[in-house]
Protein chains: 2
Amino acid sequence: MPSTSDSFTGSVWLRPPRAQTGQPSLSREQIVRAAIELLDAEGPAGLSMRRLGAKLGSGATSLYWHVANKDELLELAVDEVFGEIYVPEPGDTHWRVGASISANGMRSALLRHPWVIGLLGLHPTLGPNAMRLGERLVALFTAAGFSGMPLSHATATLNAHAIGSATSEAAIKSALKRTGKTWEEVAEDVEPYLERLAPDNPNYEKWRKETGPLRNDPERVLEETYAFGLDRLLDGLELWLTKSGAEPPAV
Amino acid sequence: MPSTSDSFTGSVWLRPPRAQTGQPSLSREQIVRAAIELLDAEGPAGLSMRRLGAKLGSGATSLYWHVANKDELLELAVDEVFGEIYVPEPGDTHWRVGASISANGMRSALLRHPWVIGLLGLHPTLGPNAMRLGERLVALFTAAGFSGMPLSHATATLNAHAIGSATSEAAIKSALKRTGKTWEEVAEDVEPYLERLAPDNPNYEKWRKETGPLRNDPERVLEETYAFGLDRLLDGLELWLTKSGAEPPAV
DNA sequence: GAGCCAATCGCACACCGTACGAGAGAGGCT
DNA sequence: AGCCTCTCTCGTACGGTGTGCGATTGGCTC
């Protein structure tokens, strides 16, 4: 371990890659992939260095040659997940479609790997895949007519919507998965609690009574919530674009 | 511990409160408050049951009388933080202002207690404070003219924006705090990395060069990003409201 | 005073991240 | 050929973690 001085977060990305000559039976990519598999299968609690080592047929501490510590491994895993997100080229679609595809990709990647959500607030992700994502979004929104700080704000807001939506969605799905109950069973469980709180929540209660019959398939509802918000957001961005009098640059 | 059957997430909220007769030198509220102090001061890693016990002058395992386990303690702490968020009454302001105040409150609560962000994806929060928040938002958006599922979508989207924005913001601030460096120093550290990746990120690089001089105070930029997104979102919601021909109910 | 029961606590267990140093084995140099 | 160096693996050990369990305390009601 050359132990470069702690530049920025001491982040993986800023450190020169490791030279290689010996007999590597382990590799960083392999470790990261295995870690992701464990995390997907059993959640954040399912990943320990010992278990990961076992899964790879090696000692737990051997991993520390390829990875400085567990935190760094998680950073690598997060960026790997970002690699799954596709952002269209500017020319391929209208920017609204491109932005939708990008946000959908972010959302579904986060829902496929919900453990990522809990890590996003810890370090800024500036791995190569995250950078590529940023690059593509800049290209997309530049072509749409954004520039300067508003461009950055727009892309950040798009991502914020995907992240925020995925967070709430993951919370619900995690509860369903953990209890193994169906949506109906959970609703039954919560019902008496809501009844008890009803006097304090008249408006919510009224809304709940009125929309009760409509709220059946939670999967669908969650998706609609996300899509509704995305459409409103894109409407707002488009409105700003026209009002600010921006011209899309020549394609 | 009466050990009620595991209703829903076995969530704290659905369990009857504990009877009380003995000599309580510890209380649930006190424990939760102390836990929040520890979490605020030292982050998620700073909270252990032993340290918490020590801080309260009691044995670590004494806490387990008042709290089923650490997860439950964290759920309680999250709801406590939600209690800090103020949502105006419908009559008090235009709904856009009310929604802004609410989202601002959510954002700043999350930034005051960044550890909450990492917990939001784990359980749906249905504590009393979260419920009160929901109630107020329903009231606000009902008065604005929303109803049915779109009402729920609108409130969820508002929260998603606050959560998503706070997540990215917390990531950056956490890195700054952890390294103790100034924004300029971090920028210097990252610079060579960005230069190296520049060939792959032409659009991003172009944007970066153009806006370089403008991007000074990150605190301000982050706030502007959030505010820009919020405005676009509210624009989009307002547009939908007028286009859907909804009438605000009599006030 | 007897008995009950809420509340506190110490101990122990299994597990965690990881520092450290010993060793294996390949490659390059003389 | 001999040796040295450098990459890589691994066992051991340390100080921590969450928490199950049983013993203990002390105030309350009969």
Side-chain angles (χ1 to χ4, degrees), chain A residues 1-4 6 10 12 15-32 34-35 38-39 42-77 115 118-119 122 178, chain B residues 1-4 6 10 12 15-32 34-35 38-39 42-77 115 118-119 122-123:
Chain A
M1 174 91 344
S3 166
T4 34
D6 206 43
V12 215
R15 201 166 37 241
R18 169 157 277 146
Q20 173 176 341
T21 341
Q23 61 288 26
S25 80
L26 243 41
S27 81
R28 183 179 263 199
E29 294 79 32
Q30 186 191 15
I31 292 172
V32 171
L38 266 177
L39 288 163
E42 318 195 29
L47 177 68
S48 81
M49 299 306 269
R50 284 177 235 260
R51 298 232 305 147
L52 184 54
K55 185 181 166 97
L56 292 166
S58 69
T61 58
S62 308
L63 306 171
Y64 285 91
W65 178 254
H66 304 272
V67 142
N69 51 43
K70 191 180 180 182
D71 259 21
E72 175 174 310
L73 172 58
L74 291 172
E75 275 192 73
L76 290 164
W115 47 270
L119 302 173
L122 272 57
R178 189 176 42 251
Chain B
M1 175 91 346
S3 164
T4 34
D6 207 43
V12 215
R15 202 167 36 243
R18 168 157 278 146
Q20 172 178 342
T21 341
Q23 62 287 27
S25 79
L26 243 39
S27 80
R28 180 178 267 199
E29 294 81 33
Q30 186 191 16
I31 292 172
V32 172
L38 266 178
L39 288 164
E42 319 195 29
L47 177 67
S48 82
M49 298 307 269
R50 284 176 236 260
R51 297 233 304 149
L52 184 54
K55 185 181 165 98
L56 292 165
S58 69
T61 58
S62 309
L63 306 171
Y64 284 91
W65 178 254
H66 304 271
V67 142
N69 50 43
K70 193 180 179 182
D71 259 22
E72 175 173 312
L73 172 58
L74 291 172
E75 276 193 72
L76 291 164
W115 46 270
L119 301 172
L122 272 58
H123 322 274

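Residue numbers begin at 1 in each chain, while the letters A, B, ... track the order of the sequences. Just so it is clear, the structure is predicted and the values come from calculations on it, not from any experiment.
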How close or far is atom P of D/dC8 from atom CZ of A/Arg28, stated in whole angstroms?
12 Å
Under the salt bridge (charged side-chain N to carboxylate O under 4.0 Å, His left out) rule, what pairs show up with a residue in residues 51-65 of chain A, not counting sequence neighbours?
A/Glu37-A/Lys55, A/Glu42-A/Arg51
Over how many whole Å does the gap from B/Trp65 atom CH2 to D/dC21 atom P extend?
15 Å
Minimum heavy-atom separation for A/Ala34 and A/Leu52, please, with both atom names.
CB-CD1, 3.6 Å
Exam field: side chain A/Arg28 to backbone A/His66, donor-acceptor pair closer than 3.5 Å:
yes
B/S/- contact track for nucleotides 13-21 of chain C, protein heavy atom under 4.0 Å:
---BBBB--
Which atom of A/Arg178 lies closest to which atom of B/Leu122, heavy atoms considered
NH1-O, 3.5 Å
Strictly below 4.0 Å: does A/His66 bring a side-chain N or O up to OP1 or OP2 of D/dT7?
no
Closest approach of B/Ser58 to B/Leu26 (non-hydrogen atoms, all atoms of both residues)
OG-CD2, 3.5 Å
Note: A/Leu63 and A/Met49 closest approach over all heavy atoms is CD1-O, 3.5 Å
Any side-chain N or O of A/Ser62 less than 4.0 Å from the OP1 or OP2 oxygen of D/dC8?
no
Using whole Å, what does the distance between atom C1' of nucleotide D/dG20 and atom CG of B/Leu63 come to?
15 Å
